[in-house]
Amino acid sequence: MAKTIEQDGYTLRLGEDQTADRSGQERQFVRVTLVRRPGLFGRNYNVRETRAQAFDVPDAVPRALSDGRLLAWRWQSLRDANALISHRLETLAGLGYEIVERSKGTRGEWDWLRDLVRQRLAGSTKQSAPNPRSGVEALNDALARLGIEPAQIVAGLAQIVNLSEELVTHPTPEAVSSCEDIHLSVLIPFLVEHDNETLREVGMRWLAIPSTLYDVEPWVLRDWAISDGPLAKILVGRIEREGLALFGLEGLTALATARRRDTRNGARRWLERLGEETRTSQTPRPSPRR
């Protein structure tokens with residue numbers, strides 16, 4: 001998994017009055033940091049607390065006692081994470097700790113691309129849902145204009161979707177399930193529709209995992225299936241086998257008027273089948289003869 005990025009941090013030391021009777025003993029330190037995991041959208045923030053000790057001598061370097069722990073069991077919005085770190089600092093101050101250093105984290109190599117795609121996903125303030133197609137266009141535009149090589153693109157995508165480069169190029173079902181649906185909504189069409197053959201092959205590996213499409217919102221799948229792009233052709237076989245499970249009744253109704261004939265026919269067969277089952281269930285059974 002991709003590493004978390006420290007966005008803000010505080011180093012606290014147990015106050016002098018708390019250690020007055022412990023001459024020659026180690027001083028207690030706590031490092032509290034606001035951390036962010038790479039991601040395009042959603043809750044990507046948490047607070048990490050690490051404890052350390054240092055001998056009570058000038059210029060002593062604190063020695064971490066562990067890798068630390070995340071204070072929230074699930075990732076949060078930036079606002080909620082800031083509230084959590086403020087509450088934790090207040091608690092530590094009540095225990096006698098004082099802030100001795102505050103540092104700002106550095107931006108990651110691909111933060112600019114993540115911010116660009118997030119902005120395009122959000123769209124206008126009046127838009128109620130993210131727009132995956134805008135995210136795909138932002139990726140294509142930015143990377144094409146800069147002339148970035150496929151290997152570098154994979155490195156950037158790995159940071160964006162919070163996976164290792166190996167898992168981006170050779171995904172597993174566990175890697176797919178760890179991705180947010182909005183990440184998949186951008187990643188898959190970007191790869192499958194890319195001009196580079198190597199990246200298209202990577203996209204097909206993602207689609208080869210049966211569970212991948214079930215982690216994408218049905219309305220996004222519908223948009224893929226009614227488009228003129230390669231994803232529509234790829235989805236035809238899945239419509240025949242799993243149309244109702246993937247798209248739902250509303251999605252199948254929309255696909256029944258799609259431009260592609262095979263997409264239309266597959267959706268209509270599902271609707272006809274559902275109509276027959278509905279009529280059969282509503283037909284009264286004859287009374288048994290006496």
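Numbers here simply count residues along the sequence, with the first being 1.
- Rounded to the nearest 0.5 angstrom, His183 NE2 and Leu157 CG are separated by 11.0 Å.
- Judged by distance alone, with hydrogens and angles left aside, the side-chain atoms of Arg102 form no donor-acceptor pair with the main-chain N or O of Tyr10 at under 3.5 Å.
- Ser185 places none of its side-chain heavy atoms less than 4.5 Å from the side chain of Glu217.
- Of all the heavy atoms in Phe29 and Thr11, the pair that sits closest is CD2-CG2, 4.2 Å.
- Side-chain contact between Gln28 and Tyr97 is present, with at least one heavy-atom pair separated by less than 4.5 Å.
- Between Pro189 and Trp224 the shortest heavy-atom distance is CD-CZ2, 3.5 Å.
- Taken from CG in Leu89 to CG in Leu12, the straight-line distance is 6.0 Å, to the nearest 0.5 Å.
- For Arg200, the salt bridge (Lys or Arg N to Asp or Glu O under 4.0 Å) criterion is met by no residue, not counting sequence neighbours.
- In this structure, the side chain to side chain contact (heavy atoms under 4.5 Å, CB included) partners of Glu242, at least two apart in sequence or on a different chain, are Tyr214, Arg238, Leu246.
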Between Val47 and Thr33, is the side-chain contact (heavy atoms from CB on, under 4.5 Å) condition met? List the steps.
CA-CA 6 Å; Val47 177; Thr33 55; over 6 Å; no
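- For Glu250, the salt bridge (Lys or Arg N to Asp or Glu O under 4.0 Å) criterion is met by no residue, not counting sequence neighbours.
- Side-chain N or O atoms of Arg205 include one that pairs as donor or acceptor with a backbone N or O of Thr169 at under 3.5 Å.
- Applying the side chain to side chain contact (heavy atoms under 4.5 Å, CB included) test to Leu70 and every residue at least two apart in sequence or in another chain returns Val35, Asn46, Arg48, Trp75.
- One finds a salt bridge joining Glu49 and Arg88 here, because a Lys/Arg side-chain nitrogen approaches an Asp/Glu carboxylate oxygen to under 4.0 Å.
- To the nearest 0.5 angstrom, Leu184 atom CG is 10.0 Å from Leu221 atom CG.
- A side chain to side chain contact (heavy atoms under 4.5 Å, CB included) with Pro171 holds for exactly one of Val202, Ile209, Val161; it is Ile209.
- In this structure, the side chains of Leu163 and Ser178 come closer than 4.5 Å at one or more pairs of heavy atoms.
- Annotation for Ala267 and Leu252: closest pair CB-O, 3.5 Å, computed over non-hydrogen atoms.
- For the atom pair Thr50 OG1 and Arg69 CZ, the distance stands at 9.5 Å (nearest 0.5 Å).
- For the pair Arg259 and Ile226, the minimum side-chain heavy-atom distance is 4.5 Å or more.
- Every side chain to side chain contact (heavy atoms under 4.5 Å, CB included) that Leu199 has, sequence neighbours left out, goes to Pro150, Ile153, Val154, Leu191, His194, Asn196.
- Between Ile234 and Met204 there is a side-chain heavy-atom pair separated by less than 4.5 Å.
- Nearest heavy atom pair, residue Ala232 against residue Ser227, reads CB-O, 3.3 Å.
- Side chain of Trp206 to main chain of Val168: a donor-acceptor pair is present (N/O by atom type, distance under 3.5 Å, no hydrogens or angles).
- Glu174 contributes atom CD, which lies 9.5 Å from atom CG of Leu167 (distance to the nearest 0.5 angstrom).
- Contact of the Glu240 side chain with the Arg269 side chain is registered, since non-hydrogen atoms from C-beta on lie closer than 4.5 Å.
- When atom types are taken as modelled, the side chain of Thr212 and the backbone of Ala208 share no donor-acceptor pair closer than 3.5 angstrom.
- Annotation: side chain of Asp215 is in contact with side chain of Val176 (closest heavy-atom distance under 4.5 Å).
- Nearest heavy-atom pair, Phe247 versus Arg222, reported as atom, atom and distance to 0.1 Å: CE2-N, 3.8 Å.
- Atom CD1 of Ile188 sits about 6.5 Å away from atom CG of Leu213, to the nearest 0.5 Å.
- Among all heavy-atom pairs drawn from Leu78 and Tyr45, the shortest one is N-CD1, 3.5 Å.
- For Thr263, the side chain to side chain contact (heavy atoms under 4.5 Å, CB included) partners are Val236, Ile239, Leu255, Ala258, Arg260, not counting sequence neighbours.
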